[in-house]
There are 2 protein chains.
Amino acid sequence: MTTTDETRPARPTGRPRSVRAEAAIIDAALDLIGEGMTFAELSIEAIAARAGVGKTTIYRRWSNKEDLVIDALTKLKAPLPKLEGESVREDLIAYLRIVQRDACDARSRCVMNIAMNDAERHPRLAERFRQAALEPRRAAMAAMLRRGMATGELRADLDVPIAMAMLAGTMMWYIRGVESGGDGEISQDTAERIVDQLLAGLGPR
Amino acid sequence: MTTTDETRPARPTGRPRSVRAEAAIIDAALDLIGEGMTFAELSIEAIAARAGVGKTTIYRRWSNKEDLVIDALTKLKAPLPKLEGESVREDLIAYLRIVQRDACDARSRCVMNIAMNDAERHPRLAERFRQAALEPRRAAMAAMLRRGMATGELRADLDVPIAMAMLAGTMMWYIRGVESGGDGEISQDTAERIVDQLLAGLGPR
């Protein structure tokens, strides 16, 4: 399997030209999605044209549009960074800043639309996206909450699935509300305000 | 303006046939949207065919597709019922049950998709929908929260815009999470669990 000719100079790892092409193809797909193209409208032709490559270059790497789109979506929805800060409060704020950054980014938003809202039309696409990109995030969040329950920073009888929905759901709804002309503004301390009000509760002290 | 011929038998109010046609047209539009048709795909032709009326019947009442769609969306997203129950807690639960019912209804969901997610493509449509259907709801919610602050059921220093996002955002995110295979289940007490955990907070007692 390995060559015995150890004196041969090392060849550059990977294949630069095809790696460049792959990045250009992924970028082209995300650009088109970010411009509002639906999954149905997206075509290998359009992606190839935008990326400046031939269709065969795409088909050499992906056997169909769905595989390519899943790779593109997953690339954008990177796994969460390691969240083990000073406290669960810090971790929750860091997590909500990531949700905020994604939600304010037009490309990310269109990607979520395709993955989540086109789900009724493309259930298999939505399911693959869920497994590749959303599940790892959910698992990291749940682990963070359970850590807080163990340290006593969070109530021991926490309803974890509801708490997870509170965190991301509040941020997403807040941003959407502000953007559609509601009260409030999106700023650097939005994540902090959400986390502090979630920890303290809406009830009187 | 009024007739003086008071002995004449009362004619049926409204014009039954055109009222029936109008309802059928609105229903047809909502059906097509509910089947996943985007605003761009929706056509007066398709609506007329589904409703079993001629295109002129539609144009007699609505001058364009946007006006018809706004009427249809607004009809589905009815204003909130009067929420002045025993307590703010009861009102919040009643409100979240409405959010839940809407979110679990495929037709409502597609309507929200059109109104909110097609916003980037159809900003005027989204803006009109916001004013006709969403603003009255937001105002009712804000009034309910301020009532709770006044009675002492909610903390006096409540961050109202964030609290509003917590309520609907949590319910929407929770339902979406469960439906896409996450933990938890949607049941009659989901609204109650969300409200109670929001009131109590995630922090330790």
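Letters go in sequence order (proteins before strands), and every chain restarts at 1.
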*Asks:* Please tell me if the side chains of A:M166 and B:L202 come closer than 4.5 Å, counting only heavy atoms from C-beta onward.
*Replies:* yes
*Asks:* Indicate the atoms forming the closest heavy-atom contact of A:P204 with B:G152, along with that distance.
*Replies:* CG-O, 3.4 Å
*Asks:* Check the pair B:L198 / A:L198 against side chain to side chain contact (heavy atoms under 4.5 Å, CB included), numbers first and verdict last.
*Replies:* CA-CA 7 Å; B:L198 280 176; A:L198 281 176; 3.8 Å; yes
*Asks:* Pick one of side chain, backbone, both or neither for A:M164, based on which atoms fall under 4.5 Å of a heavy atom in chain B.
*Replies:* backbone
*Asks:* Return the option, out of A:A156, A:P161, A:G177, with the maximum number of heavy-atom pairs under 4.5 Å with chain B.
*Replies:* A:P161
*Asks:* Can you tell which part of A:E185 gets under 4.5 Å to a heavy atom of chain B, answering side chain, backbone, both or neither?
*Replies:* neither
*Asks:* Would you say A:R155's side chain and B:G201's backbone share a donor-acceptor pair under 3.5 angstrom?
*Replies:* yes
*Asks:* Taking every non-hydrogen pair under 4.5 Å, which of B:G148, B:A142, B:A168 racks up the most with chain A?
*Replies:* B:A168
*Asks:* I need the residue from B:I175, B:V160, B:L154 with the largest number of non-hydrogen atom pairs under 4.5 Å to chain A.
*Replies:* B:L154
*Asks:* Would the number of heavy atoms belonging to other residues, nucleotides or ligands and lying under 6.0 Å from CD of A:E86 be above 12?
*Replies:* no
*Asks:* What is the distance from atom OG1 of A:T190 to atom CD1 of B:I162, rounded to the nearest 0.5 Å?
*Replies:* 6.0 Å
*Asks:* Given that the side chain runs from C-beta out, which part of A:Q197 has a heavy atom under 4.5 Å from chain B: side chain, backbone, both or neither?
*Replies:* both
*Asks:* With a 4.5 angstrom heavy-atom cut-off, is it the side chain or the backbone of A:M172 that approaches chain B, or both, or neither?
*Replies:* side chain
*Asks:* Specify the closest pair of heavy atoms between A:T170 and B:T170, including all atoms of both residues, with the distance to one decimal.
*Replies:* OG1-OG1, 4.0 Å
*Asks:* Should the heavy atoms of other residues, nucleotides or ligands under 6.0 Å from CZ of A:R61 be counted, would the total exceed 12?
*Replies:* yes
*Asks:* Look at A:E41, A:R89, A:M171 and state which one has the largest set of heavy-atom pairs under 4.5 Å with chain B.
*Replies:* A:E41
